[in-house]
Amino acid sequence: MNRTTPVIPQEEIARQRAYCAEIRALNARLERAPAAYVDTYGCQQNEADSELLRGMLAEMGYEIVDTDRDADVIVINTCAIREHAEQRVLGNVGALVHGKRRKPEQIICLCGCMAREQHVADKLRQSYRHVDLVFGPQVLWRFPELLRRVITRRGRVFETGDVPGAIAEGLPVRRSGRVKAWVSIMYGCNNFCTYCIVPYVRGRERSREPEAILAEIRQLVEEGYKDITLLGQNVNSYGKDLGEGVDFPDLLERAAAIPGDFLLRFMTSHPKDATEKLFDVMARCEKVAPVIHLPFQSGNSRVLSAMNRRYTREQYLEKVRALRARIPDVVLTSDVIVGFPGETTEEFEDTLSLIQEVRFDALFTFIYSPRKGTPAAQLPDPMSKEEKSANFDRLVEEQNRISLEKHQAYIGTVQRCLVDGLSDDPRNNLNARTPGGRLVHLSGDPALVGQFVDVEIVDCSTWALFGEKR
Ligand code: SAH
Ligand code: SF4
Ligand code: F3S
């Protein structure tokens with residue numbers, strides 16, 4: 001079998017970088033370096049994409065700033081996962097019209113998952129005339145060319161059509177942190193869970209070459225990064241399109257063999273594809289953090305089937321058992337949807353009992369939000385909003401109790417934590433993470449940021465642990 005995903009030829013990437021140089025030359029004529037602001041919504045994939053956008057903008061001679069106020073270029077990298085996320089973006093983009101009145105030469109761009117929704121593109125075209133450039137995630141690598149088109153023609157540009165995804169290597173990147181880094185290993189999704197918009201807006205699954213990924217990780221480690229997260233909508237199907245016989249556990253094991261003091265994480269894992277081979281690699285490789293985000297979505301097998309998740313409650317629980325048999329203290333986090341169309345209160349009770357049985361360390365809870373074009377949006381949805389919210393509140397309350405108990409069990413233990421940033425709290429000026437990724441507040445020398453330190457856990461809340469450096 002051969003590789004089925006096209007790779008963008010390096011000449012094409014060189015052409016994009018030539019556009020960067022062209023814009024840089026234009027910018028160099030200005031009195032001061034123009035400013036660019038990139039605002040990110042949604043998941044870590046979008047965070048990683050924004051680091052590429054900033055890399056390209058920096059190469060074009062823009063100073064990267066952290067406010068849209070007076071920026072010469074504003075890029076809004078959007079998320080379409082729930083209605084609420086979209087409303088927030090549209091509200092914020094709408095408000096940008098005032099800044100642009102003061103600064104008419106400002107360029108406003110909207111990209112990311114919302115850009116691929118027809119109704120959003122139509123709305124932007126008709127009612128948000130201050131937005132100059134709209135482009136989807138599949139053409140992110142062509143941003144220099146598209147921006148140049150806006151600058152030189154002063155017209156609006158829409159590149160929102162359905163283009164097959166490809167892999168673009170060799171784009172400049174400007175990372176946001178110096179301790180933690182994201183590495184996208186694949187893009188898109190083939191799973192078509194019936195509630196989810198991602199496969200429609202991000203396209204089919206496509207994997208980067210293992211060598212390109214490993215080279216990037218090696219470089220990050222050399223630069224001193226200590227915490228590296230491998231990203232994909234379903235990392236467990238990594239490599240299927242490569243035809244090389246390399247799967248995700250193989251990639252993870254090879255990444256963990258890179259010399260240096262660092263931790264590897266990954267997300268997200270679809271339970272149907274999380275294998276014992278993966279759990280074995282996690283157990284075997286010290287550099288793979290003992291944590292997994294394994295979204296279950298529902299504890300009821302009928303609902304899971306209606307969601308097209310392709311596992312049952314029992315199969316999910318079996319995966320958790322297989323994992324805990326190998327890594328007893330593994331940190332387990334998950335996503336769940338309350339109020340999927342047709343979910344009854346009894347079926348919701350199964351979700352509640354599943355979290356009691358598994359006892360996740362943390363849970364991301366969502367109320368179902370219908371997405372245009374997805375099969376679930378067509379299903380009858382008789383349960384009232386009030387009833388859904390009441391179920392949601394019960395779930396959150398129960399999980400908070402479990403999270404607190406889980407945190408209490410850390411008290412008195414010593415954890416090797418990575419100090420990953422400063423906090424605003426003067427009594428606990430440092431933030432750190434346990435190997436399993438739990439947040440720890442402690443006080444200490446700011447120079448410890450980027451170092452692993454032994455921390456004794458002395459207190460906790462539902463959301464965080466409090467520690468003292470040993
Ligand atoms: N690829 C990841 C999930 C990406 S979206 C995975 O398969 O787990 C993150 C989470 O958003 C999902 O796990 C799901 O719980 C939630 N989500 C997705 N679509 C949703 C919708 N239409 N309404 C409510 N929550 C949704
Ligand atoms: Fe969406 Fe399902 Fe793909 Fe996750 S696996 S991105 S929930 S379709
Ligand atoms: Fe949102 Fe797109 Fe990520 S819809 S969750 S930004 S893949």
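Every number for a ligand or one of its atoms is a count from 1 in the order of the listing.
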Could you identify the single nearest non-hydrogen protein atom to [atom] and state the distance to 0.1 Å?
| atom | value |
| --- | --- |
| atom 1 (Fe) of ligand 3 | Cys79 SG, 2.4 Å |
| atom 5 (S) of ligand 1 | Ile81 CD1, 3.5 Å |
| atom 8 (O) of ligand 1 | Pro295 CG, 3.0 Å |
| atom 7 (S) of ligand 3 | Gln233 NE2, 3.2 Å |
| atom 11 (O) of ligand 1 | Arg82 NH1, 3.1 Å |
| atom 6 (S) of ligand 3 | Asn46 ND2, 3.3 Å |
| atom 14 (C) of ligand 1 | Gln297 OE1, 3.4 Å |
| atom 4 (S) of ligand 3 | Ala80 N, 3.2 Å |
| atom 22 (N) of ligand 1 | Ser369 O, 2.8 Å |
| atom 10 (C) of ligand 1 | Asp335 OD2, 3.4 Å |
| atom 19 (N) of ligand 1 | Tyr195 CD1, 3.3 Å |

Kindly compute the distance separating [atom1] ([X]) from [atom2] ([Y]), expressed to the nearest 0.5 Å.
| X | Y | atom1 | atom2 | result |
| --- | --- | --- | --- | --- |
| Phe364 | Gln399 | CZ | CD | 10.0 Å |
| Tyr187 | Thr5 | OH | OG1 | 11.5 Å |
| Glu398 | Leu363 | CD | CG | 11.0 Å |
| Arg313 | Ser305 | CZ | OG | 15.5 Å |
| Asp132 | Phe158 | CG | CZ | 9.0 Å |
| Asn391 | Leu352 | CG | CG | 8.5 Å |

Atoms of protein origin (N, O or S) under 2.8 Å from atom 1 (Fe) of ligand 2: Cys196 SG
Part of Arg371 within contact of ligand 1 (heavy atoms, under 4.0 Å): side chain
Report yes or no: does [X] have a heavy atom closer than 4.0 Å to ligand 3?
| X | result |
| --- | --- |
| Gln45 | no |
| Gln44 | no |
| Gly112 | no |

Before accepting this row, confirm whether a basic side-chain N of the pair [X]/[Y] lies closer than 4.0 Å to the acidic partner's carboxylate O.
| X | Y | answer |
| --- | --- | --- |
| Asp162 | Arg116 | yes |
| Asp280 | Arg326 | yes |
| Glu117 | Lys372 | no |

Atoms of ligand 2 less than 4.0 Å from His270 heavy atoms? 5 (S)
Just checking, is any N or O donor in the side chain of [X] or [Y] under 3.5 Å from an acceptor N or O on the other one?
| X | Y | answer |
| --- | --- | --- |
| Thr40 | Ser50 | yes |
| Asp273 | Asn234 | yes |
| Thr462 | Asn400 | no |

Shortest non-hydrogen contact from Leu294 to Ala274? CD1-CB, 4.0 Å
Does the residue [X] have a heavy-atom contact with ligand 1, meaning some pair of atoms that are separated by less than 4.0 Å?
| X | answer |
| --- | --- |
| Arg309 | yes |
| Asn234 | no |
| Ile337 | yes |
| Ile367 | yes |

Is the distance between the ring centroids of Phe266 and Phe248 under 6.0 Å? yes
Taking the six-membered ring for Trp, are Phe192 and Tyr200 closer than 6.0 Å centroid to centroid? yes
With side-chain contact (heavy atoms from CB on, under 4.5 Å) as the test, pick out the partner of Thr160 among Leu110, Val120, Val134, Leu124. Val134
Filter on salt bridge (charged side-chain N to carboxylate O under 4.0 Å, His left out), then keep only pairs touching residues 337-352, sequence neighbours left out; what's left? Arg302-Glu347, Glu349-Arg394
Do any of the N/O/S atoms of Cys113, backbone or side chain, fall under 2.8 Å from atom 2 (Fe) of ligand 3? yes
Polar contacts were defined as any N/O atom of the residue lying under 3.5 Å from an N/O atom of the ligand; does this apply to Gln233 and ligand 1? yes
Polar-atom distance check: Thr268 versus ligand 1, any N or O pair below 3.5 Å? no
Any atom of ligand 2 sitting under 4.0 Å from a heavy atom of Arg309? yes
Atoms of ligand 1 under 4.0 Å from any heavy atom of Tyr368, numbered from 1 in the order shown, are 23 (N), 24 (C)
Is there a ring pair (Phe, Tyr, Trp, His ring centres under 6.0 Å) between Tyr368 and Tyr195? Walk through the geometry before answering. CA-CA 8 Å; Tyr368 170 75; Tyr195 50 80; 7.4 Å; no
Please confirm whether the backbone N or O of Gln297 pairs with a side-chain atom of Arg309, one donor and one acceptor, at under 3.5 Å? no
Under 4.0 Å from a heavy atom of Cys43: give me the atoms of ligand 3 that qualify, with their elements. 3 (Fe), 5 (S), 6 (S), 7 (S)
